[in-house]
Amino acid sequence: MNKRIKGENSIASPISIYKNTDLLFEAKNIQEAARFLAEHFNSSKYKYYDHIERGYVYYIPYYHGEDEYRFVAPKEIALNRRKELEERGHKNARRIWLMPANPYDYDVEGAFSYYDTIDWKRSFNYENGDILFIYVSGNVRKVRYKVEVIEGIVKENDIIYDKQFWLDEEKFKKSEEYDYTRIRLLDEIDTPELSLTKLREYGLKGNIQGSMKLNGELRDYIMSFFEHDLTEGYYPEEVSEALEEGKRKTINVNIYERNPLARKQCIDYYGIQCQICDFNFEKKYGEVGKDFIHVHHIVPLHEIQGDYKVDPKKDLIPVCPNCHAMLHRKENGVYLSVGQLRERIKNL
C-alpha cells in the first residue's frame, strides 16, 4: 500500500481508493484523495474531484486505460452527500432521464416479472445512480416504470441477452451489437395521469422517440407518482431456519420470490399479511413493519421450464419469514404445501 499523504485540515470524510480489486490508498478526505490521484497519474488534482465525488456517492468507477478505480466512503457519509447534491441540484447529482420502450419489440413487463435486473441499450452515457423513467409506447402510451442504473457499462462477457422477451427476431439480432447498461426496478405504476397527453400538459414537447434528460416541471410531475423502492429491504436471497446447535441454517430463495414486479403484483392481490398464519408486521411492530412481508413461490423449481413466466396471483403467495422457512424445509424428504402448513397451524 502506498504511504499516506498528509492532507489539509478539512471535515473528515474518509475515502478508500481501489484499483481493480486492490486497496490502493486510504484518504482522510476528498482533497487528499484528489492529490493522491494527481501524483499517481502525474496530472492536476482538480481533474479528479468530480470523479471521486460521483464515485463514492453513486458507486461510479473511474477508468484509466484497462484499470478500474473505485472510491468508497462510509455508507452514511455517501448517503448524506447524495442528499445534499440532489437537494442543491449540483452538477454531480445523478441525472434523471425519460426513455421509451416499444412493447411490440420487447416485452418489458415480462422481463421485469422474470429478472432481478435488466440489461438495457446504452443509448446515452448513463452512469451508476441515474434514474430512468420508462415510457411504454405502442398501445400503452404511459410512463410505467422507474428504474435505477446499477452498472453504467456492462462488460461484454457479463451481458444477459434475454431473447425470450424480444418479440422482433431481427431487432434481437441487432441488439447483440449494442452497448448495455444494467438497471433495476424501483417502482411501477399504471395511471392515466402519466399518459402522453398529460405529459404534454406539464412541458413535454413532441413525442418520446429517444432518451431525454428530465428537469423542471415535467421531472417533478413524473417523480411525484413514484414513491417506493420495490427492492429495498424486502428481497432476501436466503431465508433463515430455526437455530440448530447454535448455528443458523439458511435456504436459498429463488428469483421468482425476489422479483420486485412479481412481488408487487402478488401483494396487491393478496394483501400484506401472511396467508398461512395471518401475521401482520405493521399491526405487531408499527411503522417499522409497514409493507414488510416475504413472498413464496408455490411451483417447485424442478417443474419450472426455461420459458416459464410467473403468474403473481397463482404462483406466488405472501408469507411471514417463519412460515417461509418452513415451506422451504423438508419433512421426511418432502416439502409441505401451503395448505398443509396452514392446516398444521390451525390444529396446534
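Note that the numbering runs from 1 along the sequence shown for the chain. In what follows, every heavy atom counts, from backbone to side chain, and hydrogens, waters and symmetry copies are set aside.
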Crowding at [atom1], [X] (>12 non-hydrogen neighbours, <6.0 Å):
X      : atom1 : value
Tyr161 : OH    : yes
Tyr46  : OH    : no
Arg219 : CZ    : yes
Arg200 : CZ    : yes

So, [X] versus [Y], ring centres under 6.0 angstrom or not?
X      : Y      : result
His40  : Tyr48  : no
Tyr59  : Phe71  : no
Phe41  : His64  : yes
Phe133 : Trp97  : no
Phe281 : Phe292 : yes

| field | Test log, rule side-chain contact (heavy atoms from CB on, under 4.5 Å), inputs Lys142 and Leu196 | value | CA-CA 6 Å; Lys142 302 173 187 173; Leu196 185 61; over 6 Å; no

| Any cation-pi pair here, Lys19 with Tyr69, using under 6.0 Å and within 45°? | no

| task | Report yes or no: do Leu186 and Phe225 belong to one cluster of Ile/Leu/Val/Met/Phe/Trp/Tyr joined by side chain heavy-atom distances under 4.5 Å? | result | yes

| field | Shared hydrophobic cluster, Val338 / Leu336 (ILVMFWY, side-chain heavy atoms < 4.5 Å) | value | yes

| field | Verdict with supporting geometry, Arg70 and Glu68, salt bridge (Lys or Arg N to Asp or Glu O under 4.0 Å) | value | CA-CA 7 Å; Arg70 290 187 176 272; Glu68 178 185 85; 3.0 Å; yes

| message | Side chains of Tyr56 and Ser13: any donor to acceptor distance under 3.5 Å? | response | no

| task | Describe, in one word, how the ring planes of Phe112 and Tyr145 are oriented to each other, choosing from parallel (under 30°), tilted (30 to 60°) and perpendicular (over 60°). | result | tilted

| message | Between Asp130 and Arg94 (salt bridge meaning N to carboxylate O under 4.0 Å), is one present in this structure? | response | no

